[in-house]
Colleague: 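The structure is given below, and queries will be raised subsequently.
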Amino acid sequence: MVNGKVGIVGYGAYVPRYRITAEEIGKVWNKDGKRTGASLGVSEKAVAAWDEDSATIAVQASRTAIESGRINPNDIGAIFIGSESKPYAVKPTATIVAEACGCSGNLTAADFEFACKAGTAGIQACIGMVASGMIKVGLAVGSDTAQGRPNDALEFTAASGGAAMLIGEGEPLALINQTLSYTTDTPDFWRRQHAEFPTHAGRFTGEPAYFKHVSTASKRLMEKVGTTAKDYTHAVFHQPNGKFPVKVGMDLGFDKKQLEAGLVTPLIGNTYSGASMVGLAAVLDVAKEGDRIFVCSYGSGAGSDAFDITVTKYIEGKRAKTPVRRMIEDKEYVSYATYAKFRKKIKDLE
Amino acid sequence: MRDALPLVWREIPERYNLIGSTCENCKQEFFPQRLICPNCRRKGNLVPKKMPDEGKIFSFTQVHSGAKGFENETPYTLAIVEMPNGVRVLGHIVDAQPEKIEIGTKVKAVFRRIFAEGEEGIIAYGFKFKVAD
């Protein structure tokens, strides 16, 4: 047990309104986009608008979390923003979120980077600070406007979105029973300083990277808390595409029904730091008191953070006003040209 | 390049959280913030007050010839939004097809980029409006 009291006291997600289909991306590069999308298990992806970035997404998700949890922003003592698409290379996004959420200046804040798992690393930092009594409530956000090099396989999945989790004690909507991480130096995906797009190691991102870290962290956490896959109502894994999370889940003994509620990448793409947290938010939208949730993130580079969570009776009063699935359904399709403009892939745009 | 840093910083409360003013004497609310109450003059006492984040479109226009710094965003919609407290605020309407925008349409404030000072300058964030659910 962490301490039997720390949990999620508010949550919120944000998915931009615009979508581009895999078919539309394929057209530009003379590829069968539908087939490529099907092979990745992603039919379309969420595209942030011209005036959205990882900071605006983080603010929208955090405001929803504060509203759903009915948290006084002045009680937030720490803000950690996980992202690999920061608007500024040097200048924290966390301060923008703090100010836009009406927090007092009495807090610590920082931006975290660990590829797709920086958001869950923020959750762990908040758990430690709350459990030790350093702060009353901590805000951890995973938010990205993910980059994918044009005509790269990543372009079919790299999407925009994010989620925020408020961590605290006292009437949590879900208790965090335990968390455990597994980390090694595995260079499967990176973006060098000043490089515009990330580079990935193709198939190497699978077995020695994603599957090794997610399955190791997951198995070790279940061993530590004495559970098996059957003890959980829902399971959420990092979802870089629609296939990896299903395969790792099945390998660990989960069935498709347990994975269903938290699997959102097939419809919005990979929101990088947001991916596993948006999945968790989608699960919290439908979870009932007593449901046990298994979450395991993955960040290239590489590492996984696994969480064992139990939903409490306070969930009913603290659900997010706009469920993730409704944000997914509220969409407008854009052409590749509009997508290239929105994401500033056309040179000379900023 | 606009050298807007002091202005961007000074306007953070207004732009991020719609912080306006209210007069403790006559109770009228204002946005943007004012230093002197036009009703009460020296008898008035203005204090910061957060405006509601929802309102209705009072009037709107579609801009096809964008202002400097907004040329690449055309066409965009600017609207005067009337808040429940009677205060009217000017802002962009985002994420909406033009046919969904009418006088009286309910909108809510969202947090967006307003402009960026070139590739290396400051990014100004603030409120825009989106059609409410």
Side-chain angles (χ1 to χ4, degrees), chain A residues 14-19 46-64 66-67 73 86-91 93 95-103 143 145 162 194 196 321-323 326-327 329-334 338 340-342 344 346-350, chain B residues 1-2 5 8-19 48-54 66 68-78 91-100 108-133:
Chain A
Y14 180 77
V15 179
R17 179 178 162 79
Y18 298 102
R19 302 283 181 280
V47 178
W50 166 273
D51 56 356
E52 291 184 296
D53 60 25
S54 60
T56 67
I57 289 168
V59 168
Q60 290 294 129
S62 301
R63 283 179 174 175
T64 302
I66 290 166
E67 186 190 2
K86 282 160 56 73
Y88 292 95
V90 179
K91 195 219 161 289
T93 302
T95 55
I96 298 169
V97 173
E99 195 79 42
C101 290
C103 300
S143 167
T145 51
H194 308 303
E196 199 169 342
K321 202 172 155 189
T322 309
R326 203 194 301 163
M327 282 187 272
E329 285 163 18
D330 178 24
K331 61 185 171 184
E332 185 180 331
Y333 289 103
V334 294
T338 303
K341 177 181 150 184
F342 279 1
K344 280 85 170 175
I346 300 170
K347 290 288 173 195
D348 200 41
L349 295 180
E350 72 207 23
Chain B
M1 184 189 282
R2 291 166 291 190
L5 178 60
V8 168
W9 175 74
R10 204 180 305 124
E11 289 188 341
I12 280 177
E14 287 174 355
R15 284 223 172 111
Y16 283 21
N17 287 314
L18 282 160
I19 305 294
K49 174 84 190 279
K50 189 181 182 330
M51 299 291 111
D53 55 10
E54 290 193 338
K68 195 177 176 193
F70 297 88
E71 300 94 334
N72 294 327
E73 297 180 45
T74 57
Y76 57 88
T77 306
L78 281 179
H92 287 77
I93 307 289
V94 295
D95 289 5
Q97 288 157 336
E99 64 269 19
K100 281 200 168 176
K108 62 179 177 186
V110 291
F111 190 79
R112 294 291 175 104
R113 265 184 192 224
I114 307 293
F115 65 86
E117 275 200 329
E119 275 186 20
E120 296 185 6
I122 198 84
I123 303 167
Y125 292 94
F127 69 85
K128 291 185 179 179
F129 293 98
K130 185 174 177 169
V131 175
D133 296 332

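Chain letters run A, B, ... following the sequence lines, proteins first and then strands; every chain starts at 1. These numbers come from a predicted model, not from an experiment.
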Colleague: Rounded to the nearest 0.5 Å, how far does CZ of F342(A) lie from CD of E73(B)?
Modeller: 9.5 Å
Colleague: Which atoms of L18(B) are under 4.5 Å from chain A, going by heavy atoms: the side chain, the backbone, both sets, or neither?
Modeller: neither
Colleague: A100(A), P87(A), A55(A): which one forms the most heavy-atom pairs within less than 4.5 Å of chain B?
Modeller: A100(A)
Colleague: So for Q60(A), is it side chain, backbone, both, or neither that comes closer than 4.5 Å to the heavy atoms of chain B?
Modeller: side chain
Colleague: Which distance, rounded to the nearest 0.5 Å, do you find between the CZ of R63(A) and the CG of D53(B)?
Modeller: 8.0 Å
Colleague: Residues two or more places apart in sequence or in another chain: which of them pass ring-ring contact (aromatic ring centres under 6.0 Å, His included) with Y14(A)?
Modeller: none
Colleague: Report yes or no: does D95(B) contribute a side-chain atom to a donor-acceptor pair with the main-chain N or O of Y18(A) at less than 3.5 Å?
Modeller: no
Colleague: Looking only at heavy atoms, which two atoms of I123(B) and Y88(A) are closest? And how far apart?
Modeller: N-OH, 2.7 Å
Colleague: Is K91(A) reaching over with its side chain to a backbone N or O of I122(B), donor-acceptor style, under 3.5 angstrom?
Modeller: no
Colleague: Measure distances from I96(A) to the heavy atoms of chain B and classify the residue's part below 4.5 Å as side chain, backbone, both or neither.
Modeller: both
Colleague: Select one option (side chain, backbone, both, neither) describing which atoms of Y125(B) are under 4.5 Å from chain A's heavy atoms.
Modeller: side chain
Colleague: Between Y16(B) and V59(A), does a side-chain contact (heavy atoms from CB on, under 4.5 Å) hold up when you go through it step by step?
Modeller: CA-CA 10 Å; Y16(B) 283 21; V59(A) 168; over 6 Å; no
Colleague: So how far is it from E52(A) CD to K128(B) NZ, rounded to the nearest 0.5 Å?
Modeller: 9.5 Å
Colleague: What part of I12(B) lies closer than 4.5 angstrom to a heavy atom of chain A: side chain, backbone, both or neither?
Modeller: side chain
Colleague: Less than 4.5 Å to any heavy atom of chain A: does that hold for the side chain of K50(B), its backbone, both, or neither?
Modeller: neither
